[in-house]
Amino acid sequence: MFHWLEKNPFLFAVGVFVVIAFAGLIEILPNFAEASRPVKGLKPYTVLELAGKEVYKKDNCIACHSQLIRPFKAETDRYGRYSLSGEYAYDRPFLWGSKRTGPDLHRVGNYRTPEWHANHMWDPKSVVPASIMPAYKHQFTNIADIATAYAEAVTVKKVFHTPYGDDIQPGKAAYEKYYKEKVLPEALKIAKAMKNKDVLDMVKQGKVPEIVALIAYLERLK
Amino acid sequence: MQSSAALEYDYSVAKLYMWTTVIFGIVGMTIGVLIASQLAWPELNYLFGEYGTFSRLRPLHTNVVIYGFTVSGIMATFYYAAQRVLKVSLAELPFFNFLAKLDFVAYLFAAAAMVVSELMGITASKEYAQMEWPLDVAIVVYWVIWGIVMFGMIGARREKALYISMWYYIATFLGVAMLYVFNNMEVPTIFFSGGVGAWYHSVSMYAGTNDALVQWWWGHNAVAFVFTVPIIAMIYYFLPKESGQAVYSYKLSLLSFWGLMFVYLWAGGHHLLWSTVPDWMQTMGSVFSVVLILPSWGSAINMLLTMKGEWNQLTENPLIKFMILASTFYMLSTLEGPIQSVKSVNAIAHFTDWIPGHVHDGVLGWVAFMIFAAIMHMSTRVFKREIYSKSLLEAQFWIQTIGVVLYFTSMWIAGITQGMMWRAVDEYGNLMYSFIDTVSVLHPYYAIRAIGGLLYLIGMFMFAYNFIMTATAGRKLEQEPQFRSPMA
Amino acid sequence: MSSFVVKGLVLAGVLIVATLVVVKQMHIDLSDPVNMITFLGAIAIAVLSFGVAAKYMGQMKTDTATGELAEENWDGIGEYKNELPAGWAYSFLGTIIWAAWYWLAGYPLNAYSRIGEYNQEVKQYQQKFQEKWKNPSPETLKEMGESIFLVQCAPCHGETGDGLSGKAQDFTHRMSKEQVLAVLKGGQHQLKYPLGAMPPGLAQGKAAEEVAEYVANGLKGKAPAAWATCAGCHGQDGKGNGGSAPNLAEYDETLVQHVLKNGKTGIIGTMPSFVNRFTPVQEKALAAYLKTLKQ
Ligand code: HEM
Ligand code: HEM
Ligand SMILES: [Ca+2]
Ligand SMILES: [Ca+2]
Ligand SMILES: [Cu+2]
């Protein structure tokens with residue numbers, strides 16, 4: 001019957017490849033240009049926010065949290081407006097998640113505050129007594145990797161033309177200047193709002209703990 | 001036809017992968033039980049400082065069971081079964097044999113690097129694609145070498161027509177290669193930043209919705225080409241071989257294979273239902289998922305029909321038990337998946353525990369059961385010894401079956417309940433439950449799942465013990481058994 | 001039916017009934033179409049998987065393997081040239097035809113939009129509930145408010161509304177002495193009342209202490225002299241002078257509306273704005289509920 005193909009491994013493999021590659025092309029290509037357009041007014045992540053996104057990735061919050069509000073009334077009531085494609089235009093990678101062990105976070109910046117996050121990340125049970133979310137105390141002492149976040153900003157600016165300002169430039173000197181002038185003040189604002197003395201002291205000494213970057217990122221999710 | 005007796009197959013690589021299957025199985029499932037317990041008893045998050053939280057450990061669990069346990073199992077069975085159905089010994093092909101061994105070493109290094117980087121939190125945070133670019137490069141090299149060995153062996157084959165299992169191994173190689181490369185297109189930041197930042201960091205080539213599409217094109221087909229296609233390769237070899245029965249229908253094999261190849265790739269959209277990808281793509285994912293039931297069931301039915309009239313084997317031979325239950329669970333998960341792909345059902349099921357429930361129907365009931373049976377069958381041939389204990393194998397079967405049933409029933413109920421609670425409104429039209437209400441209600445089910453997982457893990461340890469004893473202390477066999485694996 | 005199929009179906013039935021019992025305990029409305037379809041789907045999964053698998057298991061007991069063997073043989077494994085099982089073949093064909101039909105005719109390629117469906121859902125909801133609760137009774141409002149409060153506000157204000165030991169406003173009281181003093185010292189302009197800003201320094205020193213004490217105690221007893229200043233805007237009874245300034249005596253609708261719209265940062269912390277998140281009825285309901293929390 002079909003044995004001729006099974007006796008010709010090369011053609012067989014080509015056949016399999018064509019059959020499977022075909023679907024991929026149809027499935028992926030048509031949407032490429034369309035979905036990458038940012039919604040009006042969308043700003044790229046600041047370097048501090050990017051560093052926070054790295055913390056979100058590092059501690060893998062995606063294991064329990066989604067960032068995708070589906071167009072159901074029950075979801076928009078709970079979390080706010082349904083998500084739009086253009087809102088994710090600067091999300092590399094996308095962080096929609098596939099499991100909601102905890103609530104959706106796509107608009108958490110609207111209805112929580114730095115201080116609340118500070119309490120919650122230190123000890124979730126202090127604000128939600130029945131919470132099963134782990135405490136992330138180490139984020140209050142680990143120092144955020146701002147340099148890598150800066151490197152990411154430089155890269156997406158160069159490669160994908162993400163609209164950052166001229167102060168984002170390659171090289172250590174440019175980075176250090178940016179860190180002092182842009183990152184630290186932004187971090188200081190968050191740290192003050194967190195009302196945590198140790199964290200504030202660290203930022204004043206020029207070090208940014210992971211929690212500050214993370215909260216900057218969570219506050220940005222609106 | 002009996003000329004295989006004249007060929008001395010070289011099982012050295014198969015043996016190595018058999019050992020790693022057992023080791024990664026224990027590690028991965030131990031972590032699985034730990035994370036399952038953490039959801040029921042959150043205090044368990046603090047055993048190892050920042051390295052012990054649920055969120056750090058979850059990807060470690062998935063990666064170790066997928067890229068450790070399952071891939072090892074695939075490789076072990078490939079290096080065993082491919083020689084036999086192609087009728088070519090690796091001993092005749094010193095170059096490819098060397099490559100295969102080298103590849104195993106590469107595998108160990110990559111696996112170690114994967115575990116360490118996961119624990120450190122170095123991750124792209126995409127499901128089933130957490131590895132950063134240096135590891136991607138290593139993995140692609142590893143995979144390509146495997147492909148070279150495979151086609152080298154095929155080139156030297158004596159059996160002209162490829163056996164069904166080989167179709168599936170070839171598809172595994174091609175599918176994973178294509179999808180892995182596309183999904184991991186990423187730009188290392190160190191090349192652009194002028195020396196600032198971590199050298200291993202990268203950004204995805206795709207953003208937002210596009211990234212989601214590519215990721216789930218991969219994610220869905222990683223399931224296809226790691227948890228399904230190579231496992232079908234296994235059952236098509238080991239079930240007829242162990243039972244001595246001829247495969248029920250060549251036509252059914254053929255249609256199932258090409259049907260699966262064609263349809264599987266289109267179904268990835270079912271992971272993105274109600275998201276921001278275009279409606280027509282979502283609908284395409286749903287429609288093809290429903291069509292997918294039949295090519296999936298085709299293989300399972302073919303295997304069940306192969307055992308027609310052989311009821312006695314099912315009662316007497318625990319290896320047959322494992323394989324028959326595996327095809328049954330394969331049928332369960334490939335019906336459950338398509339129904340969860342129906343948009344209205346997905347509105348409830350997505351984001352809930354019903355999905356991990358579906359996942360573990362597949363991985364515990366189908367993937368792992370099939371791997372257990374295959375390893376035991378192979379160990380009698382590669383070690384030339386009798387299986388150490390039949391009663392241990394029987395006990396393992398029943399304990400693990402209870403484990404899977406507890407896992408899937410608890411997650412099924414938990415998921416459906418939670419999904420419906422999220423939507424529920426009270427008589428005034430306001431949301432009836434706060435989020436934390438919907439978490440607290442899950443506690444008993446999380447506890448049942450943890451217990452089910454623990455049973456499964458106990459079975460895994462029994463298996464490991466049985467395997468080690470078979471390899472070292474089983475009664476020596478004079479002659480290779482033709483079909484049924486001898487056991488004490 | 002073979003004993004296997006019966007056993008398979010019993011297993012499926014047990015699972016379904018267990019699910020039904022649990023779901024019903026949570027007061028889920030199964031007549032909701034999405035819930036209903038999901039439930040039917042669950043039944044289909046359990047019945048078909050266990051039923052069909054059991055059918056083939058049954059054949060292991062009764063049938064014998066027959067058919068013509070193919071010439072090939074791999075490592076001792078043979079292959080029959082049997083025909084496709086008819087049920088399988090027709091189902092496969094059926095799903096393919098269905099898929100083709102769906103694409104060509106069944107699926108409204110241009111007409112369907114999930115956002116349109118969402119808008120429809122919201123509209124239906126409004127028809128169902130907005131009408132029904134147009135003029136809710138106080139009791140209704142209170143219960144309505146409680147359910148919204150537990151979902152949206154409890155993470156900060158606590159499930160009992162006590163402010164989680166100082167993390168947010170404590171609704172068992174109106175305002176603390178410290179809060180009032182802070183407003184007196186710094187003034188406040190966040191809530192956007194008709195009177196605009198509350199200027200700083202309206203009472204100082206001892207006068208401020210006294211008036212703060214008075215407000216914190218719920219405006220009970222004799223008003224201190226400095227209260228006269230306040231009364232100009234907040235009213236003699238402190239109830240906000242008909243909505244021109246915040247009600248200092250108790251939580252009322254106007255206050256809750258202003259707070260939800262504008263948010264507020266005070267000495268306790270920041271209350272985020274919930275602008276556009278609630279309907280007027282829901283805001284009313286929240287206020288009604290907050291009132292009942294008073295000690
Ligand atoms: C002792 C047995 C096991 C237990 C107790 C267990 C437990 C778990 C838990 C608790 C999760 C996380 C679910 C969640 O986030 O809610 C999970 C996820 C996962 N496990 Fe397992 N697991 C076990 C064995 C396995 C095996 C053997 C495999 C594969 C061969 C596997 C593959 C997966 C996959 C792919 C996921 C991700 C599912 C998703 O993202 O939806 N597990 N497991
Ligand atoms: C006909 C075949 C199948 C279809 C149509 C299918 C469909 C689905 C659907 C709809 C989801 C849920 C997506 C979501 O809402 O999050 C899912 C998830 C999943 N399925 Fe299947 N499934 C099939 C077979 C299998 C099999 C046999 C396995 C494994 C042995 C498997 C493993 C998984 C895994 C690991 C996930 C979790 C993905 C994630 O992390 O979100 N599936 N599948
Ligand atoms: Ca997942
Ligand atoms: Ca990668
Ligand atoms: Cu899928």
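Per chain, numbering begins at 1; letters A, B, ... match sequence-line order.
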Between A/Val128, A/Ile69, A/Val55, A/Leu68, which shows the greatest number of heavy-atom pairs under 4.5 Å with chain B?
-> A/Leu68
If one checks every heavy atom of B/Phe182 against chain A at 4.5 Å, the contacting part turns out to be neither
Mark yes or no for whether B/Ser55, through its side chain, and A/Asp59, through its backbone, hold a donor-acceptor pair below 3.5 Å.
-> yes
Of all heavy-atom pairs linking A/Ala89 and B/Ala207, the shortest is O-CB, 3.3 Å
Would you find a donor on one side and an acceptor on the other, under 3.5 Å apart, between the side chain of A/Tyr175 and the backbone of B/Gly195?
-> no
Rounded distance [0.5 Å steps], OG in A/Ser98 versus CD in B/Gln215 | 9.0 Å
Applying a strict 4.5 Å limit to non-hydrogen atoms, the region of B/Phe173 in contact with chain A is neither
Of all the heavy-atom pairs spanning B/Tyr446 and A/Ile132, show the shortest one and how long it is.
-> CE1-CD1, 4.2 Å
Intermediate values then yes/no, side-chain contact (heavy atoms from CB on, under 4.5 Å), B/Trp167 and A/Leu5 | CA-CA 11 Å; B/Trp167 313 349; A/Leu5 190 56; over 6 Å; no
Give me the contact list for residues 151-158 of chain A versus chain B, heavy atoms only, anything under 4.5 Å, ordered by residue number.
-> A/Ala151, A/Glu152, A/Val154, A/Thr155, A/Val156, A/Lys158
For residues 165-174 of chain A against chain B, heavy atoms under 4.5 Å, the residues are A/Pro170, A/Gly171, A/Lys172
With no hydrogens and no angle check, is any side-chain donor or acceptor of B/Arg56 less than 3.5 Å from a backbone partner on A/Asn60?
-> no
Residue by residue, scan residues 101-112 of chain A and write down, ordered by number, those that have a heavy-atom distance under 4.5 Å to chain B; if none do, write 'none'.
-> A/Thr101, A/Gly102, A/Pro103
With A/Lys207 via side-chain contact (heavy atoms from CB on, under 4.5 Å) - residues at least two apart = A/Ile143, A/Gln205
For the residue pair A/Phe22 and B/Trp266, categorise the inter-ring angle as parallel (less than 30°), tilted (30 to 60°) or perpendicular (more than 60°).
-> perpendicular
Distance only, no hydrogens: is a donor on one side chain within 3.5 Å (strictly under) of an acceptor on the other, for B/Glu50 and A/Asn142?
-> yes
Taking the six-membered ring for Trp, is the centroid-to-centroid distance between B/Trp274 and A/Phe72 below 6.0 Å?
-> yes
